[in-house]
Visitor: 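One structure, pasted below without further comment.
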Amino acid sequence: MSYQNIVTEYADHLGFITIDRPKKLNALNKATIKELHDAFKEMDLEEQVRVIIITGSGEKAFVAGADISEFADFDKSQGKELARKGQKKLFDYVATLSTPVIAAVNGFALGGGLELAMACHIRVASDNARMGLPEVSLGLIPGYGGTQRLPQLVGKGKALEMITTGGMIGADDAFSHGLVNHVVAQEELISFCEAMGDKIARNSPLAIASAIKAVNANFEDSVNGFEIEIDAFGKCFGTDDFNEGTAAFLEKRKPNF
Ligand code: COA
């Protein structure tokens, strides 16, 4: 598939998505959100892709937010639709994808940009990254899951501080609050994520998909996560991946999933 606002690349078991609107600091307009949905879907269906790495083009920004120029004249119902459709098409879609997604946060991750990074399963930031949810400075609140996922990651107090001040925090601060898993030098960001991707790719993709589902269940009010875990655990038995993983261990060799 060809895209106008993003670039997709494949290398062995890794899929790379680069949001490519550097002149607009990779702001998420409607077209970009649709292309991201399509690219994630395409990569998730591609058996060879075991891990997806998403980053922003240029050295300045991961994503500087939703494209403000697109919604400046929206009314209440259009605003609601924007949040609902965006959450469904991209943010919840990424969070529940079977293939693990690593966000390589290479600069500003603001508003929808931070919300996208938070929807990913793992976040690695470059040392120049700046993160925040500045929506209240626009007379808005975060609408792509930010009020829910930020407290899950950093706790209610820090989340409310970030959301009400609308301020940005640096990579080290983000790391100290659990918002990102690692901070690395900017020039090492992608190779660091690739190495993590290689490690993940050695494991059973079936088991990884089940683990994502079970962990996500912890954050859903209507389900009992422990029951989801028991069910998913049981379903692993008898799968090809389980047979291969256990056989490899007993035969003292590396599994080939
Ligand atoms: N939506 C639309 N356009 C955006 C954007 C966004 N969220 N963020 C940046 N841009 C555009 C700017 O309008 C500018 O376009 P122009 O050159 O056509 O005028 C271009 O990207 C470069 O941004 P600029 O503001 O000149 O860069 P800067 O280095 O001075 O500042 C930021 C960087 C990130 C601090 C600043 O761009 C900013 O505050 N962006 C908005 C962040 C935000 O509120 N996000 C939440 C949206 S809900």
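All values below come from the heavy atoms of this structure, side chains included, with hydrogens, waters and symmetry mates left out. Atoms within each ligand, like the ligands themselves, are counted from 1 in listed order.
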Visitor: Ion pair present between Asp12 and Arg50, side-chain N to carboxylate O less than 4.0 angstrom?
Guide: no

Visitor: Within a distance of under 4.0 Å, is there any protein heavy atom near atom 27 (O) of ligand 1?
Guide: yes

Visitor: With a 4.0 Å cut-off, strictly under, does atom 12 (C) of ligand 1 pick up any protein heavy atom?
Guide: no

Visitor: With only distance considered, is Ala64 within less than 3.5 Å of ligand 1 through an N or O on each side?
Guide: yes

Visitor: Could you check atom 31 (O) of ligand 1 against the protein and tell me its nearest heavy-atom contact, residue, atom and distance included?
Guide: Leu25 CD1, 4.5 Å

Visitor: So, Ser126 and Asn128: side-chain donor and acceptor under 3.5 Å apart, yes or no?
Guide: yes

Visitor: I need the nearest protein heavy-atom contact for atom 5 (C) of ligand 1: residue, atom name and distance, please.
Guide: Ala27 CB, 4.0 Å

Visitor: Looking at atom 35 (C) of ligand 1, what's its closest protein heavy atom, distance included?
Guide: Met168 CE, 3.9 Å

Visitor: Could you work out, for atom 6 (C) of ligand 1, the closest of Gly65, Ala66, Pro22 by heavy-atom distance?
Guide: Ala66

Visitor: Checking a contact table here: which protein heavy atom is nearest atom 44 (O) of ligand 1, and how many Å away?
Guide: Pro134 CG, 3.5 Å

Visitor: Verify whether one side chain among Thr99 and Asp44 offers a donor that lies under 3.5 Å from an acceptor in the other.
Guide: yes

Visitor: Atoms of ligand 1 less than 4.0 Å from Lys23 heavy atoms?
Guide: 20 (C), 21 (O), 22 (C)

Visitor: Please identify which atoms of ligand 1 are closer than 4.0 Å to at least one heavy atom of Lys60.
Guide: 27 (O), 28 (P), 29 (O)

Visitor: For atom 16 (P) of ligand 1, what is the nearest protein heavy atom, given as residue, atom name and distance?
Guide: Lys24 NZ, 3.6 Å

Visitor: Taking side-chain contact (heavy atoms from CB on, under 4.5 Å) as the criterion, tell me which of Val49, Asp38, Val101, Leu97 meets it with Met43.
Guide: Val49

Visitor: Give the intermediate values and the outcome of salt bridge (Lys or Arg N to Asp or Glu O under 4.0 Å) for residues Arg149 and Asp92.
Guide: CA-CA 11 Å; Arg149 292 198 176 97; Asp92 292 350; 2.9 Å; yes

Visitor: Would you tell me whether Thr18 and Asp20 have side-chain atoms, one donor and one acceptor, within less than 3.5 Å of each other?
Guide: no

Visitor: Closest by any non-hydrogen atom to atom 48 (S) of ligand 1: pick that one out of Val63, Leu110, Leu138.
Guide: Leu138

Visitor: Below 6.0 angstrom between ring centroids: does that apply to Tyr93 and His37?
Guide: yes

Visitor: Among all protein heavy atoms, pick out the one at the shortest distance from atom 1 (N) of ligand 1; state its residue, atom name and that distance to 0.1 Å.
Guide: Ile68 N, 3.0 Å

Visitor: Is atom 19 (O) of ligand 1 in close reach of the protein, with a heavy atom under 4.0 Å away?
Guide: no

Visitor: Do you know which two heavy atoms are closest between Gln186 and Asp127, and how far apart they sit?
Guide: N-OD1, 3.5 Å

Visitor: Looking only at non-hydrogen atoms, find the nearest pair between Val124 and Cys193 and report the distance.
Guide: CB-SG, 3.8 Å

Visitor: Quick one: closest heavy-atom pair of Phe40 and Ile54, and the distance?
Guide: CZ-CD1, 3.8 Å

Visitor: For ligand 1, which atoms, with element, lie under 4.0 Å from some heavy atom of Asp67?
Guide: 1 (N), 2 (C)

Visitor: Is the closest protein non-hydrogen atom to atom 39 (O) of ligand 1 under 4.0 Å?
Guide: no

